[in-house]
Amino acid sequence: MITAILMYEHPQALSIVQALQPDNTPEIKMMATGNRVEITVKTKKLRTLVASCDDLLSNLQIAQEMLSGL
């Protein structure tokens with residue numbers, strides 16, 4: 001099993017987790033602690049890990065941009 005842990009700080013961490021939380025992917029866990037978003041991705045294949053992290057980071061950028069406009 002391969003594991004990646006991503007941490008990101010944002011004043012609206014809980015909103016980001018709620019927006020990005022996958023509902024059908026048990027390999028990805030997200031939580032907000034204070035201003036920190038913690039994302040853990042576990043998978044058996046490196047390519048799957050890279051693709052999942054790429055998708056998450058792209059969606060994180062969009063969420064950040066949307067929240068900045070509020």
Side-chain angles (χ1 to χ4, degrees):
M1 187 69 65
I2 305 167
T3 303
I5 299 171
L6 306 171
M7 289 199 228
Y8 175 73
E9 289 191 16
H10 191 278
Q12 294 175 300
L14 182 58
S15 295
I16 288 177
V17 167
Q18 291 171 339
L20 298 182
Q21 183 69 47
D23 59 358
N24 62 350
T25 308
E27 298 86 13
I28 300 173
K29 303 288 184 203
M30 292 187 189
M31 62 185 240
T33 305
N35 287 343
R36 183 179 290 166
V37 175
E38 296 179 23
I39 304 168
T40 303
V41 182
K42 292 185 179 187
T43 185
K44 293 180 182 178
K45 297 180 181 180
L46 184 58
R47 287 182 189 239
T48 303
L49 180 69
V50 170
S52 295
C53 289
D54 181 58
D55 289 346
L56 283 166
L57 291 171
S58 295
N59 292 337
L60 179 61
Q61 180 178 356
I62 292 167
Q64 177 187 353
E65 290 169 2
M66 303 259 326
L67 289 171
S68 295
L70 295 176

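Given the structure is predicted, the values throughout are model-derived calculations rather than measurements. Below, all heavy atoms of this structure are taken into account, side chains as well, without hydrogens, waters or symmetry copies.
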Can you list everything that forms a side chain to side chain donor-acceptor pair (under 3.5 Å) with Gln61? Sequence neighbours excluded, please. Glu65

State yes or no: do Leu14 and Ile16 share one hydrophobic cluster built from I, L, V, M, F, W and Y residues joined by side-chain heavy-atom distances below 4.5 Å, directly or via other members? no

Would you give the length of the straight line joining atom CG of Asn59 to atom CE of Met66, rounded to the nearest 0.5 angstrom? 11.5 Å

Rounded to the nearest 0.5 Å, what separates atom CD in Glu27 from atom CE in Met1? 8.0 Å

What pairs of donor and acceptor atoms, side-chain ones from residues 30-58 against any protein atom, are under 3.5 angstrom apart with sequence neighbours left out?
residue : atom : partner : partner atom : Å
Ser52   : OG   : Thr48   : O            : 3.0
Ser58   : OG   : Asp54   : O            : 3.1

